[in-house]
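Beneath this line is the structure, given in structure tokens, with notes to follow.
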Amino acid sequence: MSGIDTSELAINLDQLFLVLMGAIVYLMQMGFGFLEAGAVRSKNVTNILMKNILDSAIGALGYWTIGYAFAYGADSNAFIGYSNFMLIDLPENQSAMWFFQFVFAATAATIVSGAVAERTKFIAYIVYCILLTTIVYPIASHWVWDSKGWLNAEAPWDNVAFLDFAGSSVVHCLGGTAAFFGALAVGPRKDLYNTVTERNERIKGHSVPLAVLGGFILIFGFFAFNGGSQLRITEPGDGEVVAKAIKNTVLGGLSSGLVAIAINYVLHERKFSLLLCINANLTGMVAMCAGCNAVEDWSAIVIGIIAGPTFLAWSTLIFKVGIDDPLDAVAVHFGGGLWGIIAAPIFHKEVGILYNWDNLAGQHFLWNIIGALTIIAWTAAFTGPMFFGLKFAGFLRVDEKVEDIGLDIDCQGEIAYPKVAYSFDNAGYPHQIDPIHDKKDAEAAKK
């Protein structure tokens, strides 16, 4: 042991930390997959899972090619990085950093898939995945997290920097904004309007257990998403910051769900909604991203308590204006992210308004608002024209026939729950004819 170079050991431990935390964050792709699969109807399960798989494939190649260079290239200015394309000349000890940042980029992209589920063409998904993981997200993340980024280093006041430790703005507000424009452009699912009640009614998914399993995986992933954002573990105090970030994520995130189901019970259904609780918990964890490293326990709980009604308000508003968001992606990610960016400079234990009623605290608050609005506008400037351009070109939405039968058959040719898998004839043997594919049986079934 005496021959080990302690500095080299520290570098190795930091790389291991990033790889392990990144692997747990990557598990959130599974969480999104389960959550989205449960929230859509059974005829679209294969399709939504395929789109979640593509997040990884497209995101990995796009972020390797140009995304990481734009975000963290060694040569850069306040706006963008411009070296290390395809990771050329990137030191090997930075590979772990690339991996950790890639899973964040993939997360930003997958937020959109739930908002446009059940009616979006495959080509549209590919286009916006490429755009988000190669240009929109990387450049915004450069502003916030690179040492030369303008939000991080170019504030007009001394000792002021943008407060977003783990991505309330650059991941969640960004992804939520893209989700909003996607849902707005593609339009509501045809079954959203109930001809009997003559009003829009939320379309229920096909599996509560799948959705909740996905929610639990996402909650688990958030511990690494927020804790891992320290990016190292070997400097004095690193362990305390990681632990504090995770502790506050637990307190804020899970408080949010309790408040949301209580409000929903009193004001609406007189029921304790499990799915609403999961989404509210996720909203609280999104809100905690910005300040999880720098707020006290009680502050985390307060942030979570406010995140609950924040989710309910955004979810209700989006639905009331006729935007069909099957996963409440806008409410969870945009609503939660925006509240997190507002909350961080209020509750920050060193420079927060509640602790220091002075010019510096106000400047931090104002800089966070400016940064969040800029990231929202930046995302809107790309994704709005992209989604509406795809719509006008006929590449955004599937036709009504495909929407009726489900995207699983038309796009993948693989049904998530084929009847042949669990249908039996009179002798107790599996029935080998699937009525969806057998025209004769399908017509008989209609009669």
Where do [X] and [Y] come nearest, in terms of heavy atoms and distance?
X: Ala307; Y: Trp339; result: N-NE1, 3.9 Å
X: Cys129; Y: Thr133; result: O-OG1, 2.7 Å
X: Phe165; Y: Cys292; result: CD2-SG, 3.6 Å
X: Leu218; Y: Met28; result: CD2-O, 3.4 Å
X: Thr46; Y: Ala416; result: OG1-N, 3.3 Å
X: Pro309; Y: Ile305; result: CD-O, 2.9 Å

Could you tell me if the side chain of [Y] sits less than 4.5 Å from the side chain of [X], heavy atoms only?
X: Val127; Y: Leu390; answer: yes
X: Tyr72; Y: Gln94; answer: no
X: Phe365; Y: Ile342; answer: yes
X: Leu184; Y: Phe388; answer: yes

Yes or no on side chain to side chain contact (heavy atoms under 4.5 Å, CB included) for Asn152 and Phe162, after CA distance, side-chain angles and deciding distance?
-> CA-CA 5 Å; Asn152 189 28; Phe162 191 69; 5.8 Å; no
Side chain of [X], backbone of [Y]: donor and acceptor closer than 3.5 Å?
X: Ser168; Y: Val286; result: yes
X: Asn368; Y: Leu163; result: yes
X: Thr177; Y: Cys173; result: yes
X: Arg397; Y: Phe395; result: no
X: Asp164; Y: Gly167; result: yes
X: Trp378; Y: Val136; result: yes
X: Trp367; Y: Leu151; result: yes
X: Asp325; Y: Val330; result: yes
X: Ser141; Y: Pro138; result: yes
X: Ser256; Y: Gly308; result: yes

Residue pairs meeting side chain to side chain donor-acceptor pair (under 3.5 Å), one or both in residues 275-299, sequence neighbours left out, come to Lys247-Asp297
Could you note down all residue pairs passing side chain to side chain donor-acceptor pair (under 3.5 Å) where residues 380-392 supplies at least one of them, sequence neighbours left out?
-> none
Pair Gln230, Asp238: side-chain N/O donor-acceptor within cut-off below 3.5 Å | yes
Roughly how far, to the nearest 0.5 Å, is the [atom2] atom of [Y] from the [atom1] atom of [X]?
X: Leu258; Y: Phe272; atom1: CG; atom2: CZ; value: 10.5 Å
X: Leu373; Y: Ile341; atom1: CG; atom2: CD1; value: 10.5 Å
X: Tyr265; Y: Lys271; atom1: OH; atom2: NZ; value: 8.5 Å
X: Ile126; Y: Leu131; atom1: CD1; atom2: CG; value: 14.0 Å
X: Ile48; Y: Glu36; atom1: CD1; atom2: CD; value: 4.5 Å
X: Asp410; Y: Asn47; atom1: CG; atom2: CG; value: 9.0 Å

So, for His206 and Tyr417, is the gap between ring centers shorter than 6.0 Å?
-> yes
Flag the pair Phe225 / Phe222 as yes when their ring centroid distance falls below 6.0 Å, and as no otherwise.
-> yes
Please determine if Asp404 and Lys190 form a salt bridge, counting it only when a charged side-chain N lies under 4.0 Å from a carboxylate O.
-> yes
With the threshold set at 4.0 Å, does a side-chain nitrogen-carboxylate oxygen contact exist between Glu403 and Arg189?
-> no
Using the ring of each side chain (for Trp, its six-membered ring), is [X] parallel, tilted or perpendicular to [Y], with breaks at 30° and 60°?
X: Trp143; Y: Phe79; value: tilted
X: Phe32; Y: His333; value: tilted
X: Tyr68; Y: Tyr63; value: perpendicular
X: Phe104; Y: Phe100; value: tilted
X: Phe387; Y: Tyr128; value: tilted

In terms of heavy-atom contacts, does CD of Glu240 have more than 12 from other residues, nucleotides or ligands at under 6.0 Å?
-> no
Does CD1 in Ile370 sit with more than 12 non-hydrogen atoms of other residues, nucleotides or ligands closer than 6.0 Å?
-> yes
Leu317/Val321 under side chain to side chain contact (heavy atoms under 4.5 Å, CB included): CA gap, chis, key distance, verdict = CA-CA 6 Å; Leu317 175 63; Val321 298; 4.2 Å; yes
Establish, for the pair Arg232 and Phe17, whether the NZ or CZ atom is under 6.0 angstrom from the six-membered ring centre and no further than 45 degrees off its axis.
-> no
Quick one: list whatever passes salt bridge (charged side-chain N to carboxylate O under 4.0 Å, His left out) with Arg41, sequence neighbours left out.
-> Glu118, Asp191
